[in-house]
Amino acid sequence: MQKASGSTDATPPDQVASRRSGRAVNRQVLADHVYTELLASLMDGRLAPGSVVSIDGTARDLDVSPTPVREALARLEHTGMVRRVALKGYRVAPVFTREDFAELMEARLAIEPVNARLACERMDKGGLAELKKAVRDLKSAPRGPAFADFKDYLEADERFHQLIARQTGNQFMEAAYSALGGQVQRFRLFGGVGITDAECAIAEHEAVLKAISAGDPGEAEAAMAAHIQQVRSRAIAAAPES
């Protein structure tokens, strides 16, 4: 039987878009899952510094295709947790030394206090609400020795700083912060011991939040600088020597 003129077997555009969207969401969820699993292995020392990270082997272990593993490793490379070696794939990067942390914090001091000042000047109500939630989440997050115990603390900590970078309204300042790879490297020091500086760090975040809430850009900048300086001191004290 012939189809009526103009009819088609094609799926309606709205259903096609929905299916594509669903696949995109599922793929992102899968990539995030693989990233979290690899990050846990790195933080807990199951993947030791210098060891090779096999894409195919990891895919088999996690029962996924190699694609989300590659995506997760690319994200981890951005944080400095793994390094891609030409013709050899990925290897686990060494734990940051005191010199490494000194350089990282020098860069953060050049960027984040300015971010805090600009964010304070441009913060909207929604952004402030998100920032307050990040601090609440930081205060309530577990701080135990395994990555599974402190991953929510890490996420809230990173979210706080990322929100401030985003609220600058300056794409280049946000990109500059993102280029630092966040704060994941510092949290490698907590594997097996848990978060040891939580009370200090939370108080420092609260000081930044207080200044931003009060609409005081100068104080926000000073509070963020003080926070980074204190983090630098704690990280260098805990890090191995060069």
Side-chain angles (χ1 to χ4, degrees), residues 32-33 35-49 72 75-76 78-82 92-109 111-113 115-116 130-166 177-178 180-212 220 223-241:
D32 289 345
H33 168 68
Y35 175 84
T36 300
E37 290 296 317
L38 283 171
L39 184 57
S41 293
L42 290 162
M43 289 290 188
D44 292 337
R46 295 191 295 275
L47 286 172
R75 288 172 62 186
L76 287 166
H78 179 67
T79 70
M81 293 286 284
V82 300
V92 179
V95 175
F96 265 22
T97 64
R98 294 176 183 177
E99 182 178 350
D100 293 328
F101 274 116
E103 291 183 0
L104 173 62
M105 297 305 169
E106 184 176 60
R108 288 186 64 186
L109 274 170
I111 295 169
E112 293 202 67
N115 281 355
E130 288 186 81
L131 206 61
K132 289 178 178 178
K133 184 178 187 305
V135 172
R136 290 197 303 270
D137 291 345
L138 193 67
K139 294 169 71 173
S140 64
R143 309 164 194 173
F147 177 69
D149 299 323
F150 67 77
K151 66 182 179 65
D152 289 343
Y153 183 98
L154 184 158
E155 188 278 329
D157 194 332
E158 174 64 12
R159 178 162 31 106
F160 179 87
H161 290 270
Q162 187 64 57
L163 282 167
I164 288 175
R166 190 178 310 144
Y177 171 76
S178 296
L180 297 178
Q183 306 180 77
V184 175
Q185 284 288 357
R186 184 174 77 91
F187 281 83
R188 291 181 83 177
L189 301 175
F190 298 123
V193 297
I195 307 299
T196 57
D197 67 343
E199 298 306 322
C200 294
I202 289 169
E204 290 155 15
H205 283 83
E206 288 181 320
V208 175
L209 176 61
K210 180 179 179 181
I212 292 176
M224 180 62 82
H227 170 49
I228 302 301
Q229 288 166 348
Q230 291 301 315
V231 170
R232 178 180 61 184
S233 296
R234 295 192 294 266
I236 290 175
E241 295 183 7

Once rounded to the nearest 0.5 Å, what's the spacing between atom OG of Ser178 and atom CD1 of Ile111? 9.5 Å

How far apart are the closest heavy atoms of Asn115 and Ala165, and which atoms are they? ND2-CB, 3.8 Å

Say whether Asp157 and His205, considering side chains only, have a donor N or O and an acceptor N or O under 3.5 Å apart. yes

The ring-ring contact (aromatic ring centres under 6.0 Å, His included) partners of Phe190 (sequence neighbours excluded) come to Phe187

Is the closest side-chain heavy-atom distance between Val82 and Leu38 below 4.5 Å? no

Keeping the roles fixed (side chain from Arg98, backbone from Ala239), state whether a donor-acceptor pair exists under 3.5 Å. yes

NZ of Lys139 to CD of Glu206, rounded to nearest 0.5 Å, is 4.5 Å

Using ring-ring contact (aromatic ring centres under 6.0 Å, His included) as the criterion, list what pairs up with Phe96, not counting sequence neighbours. Phe101

Under the 3.5 angstrom rule, does the side chain of Arg188 hit a backbone N or O of Pro94 as a donor-acceptor pair? yes

Measure across Arg143 and Tyr153 and return the closest heavy-atom pair with its distance rounded to 0.1 Å. CG-CD1, 4.2 Å

Between Arg159 and Asp152, is there a salt bridge with N-O shorter than 4.0 Å? no

What distance separates His227 NE2 from Met224 CE, expressed to the nearest 0.5 Å? 6.0 Å

Side chain proximity check, Leu180 to His161, heavy atoms < 4.5 angstrom: no

Would you indicate whether the side-chain heavy atoms of Met43 and Val184 approach each other to under 4.5 Å? yes

In terms of heavy-atom contacts, Ala225 and Leu109 come closest through O-CD2, 3.7 Å

Does the side chain of Val231 reach to within under 4.5 Å of the side chain of Glu204, using non-hydrogen atoms? yes

Could you tell me the separation between the CZ atom of Phe160 and the CD1 atom of Ile202, rounded to the nearest 0.5 Å? 11.5 Å

SB check Glu37 Arg46 (cutoff 4.0 Å): no

Leu47 CG to Leu76 CG distance, which is reported to the nearest 0.5 Å: 9.5 Å

Straight-line distance of Ile236 CD1 to Leu189 CG, nearest 0.5 Å: 11.0 Å

Short side-chain to backbone donor-acceptor contact, Glu112 and Ile228, under 3.5 Å: no

If I compare all heavy atoms of Leu154 with all of Phe147, which pair ends up nearest, and what's the gap? CD1-CE1, 4.3 Å

Would you name the heavy atoms of Val92 and Ala48 that are closest together and state the gap between them? CB-O, 3.2 Å

Can you give me the closest heavy-atom contact between Ala156 and Ala134, atom names plus distance? CB-O, 3.8 Å

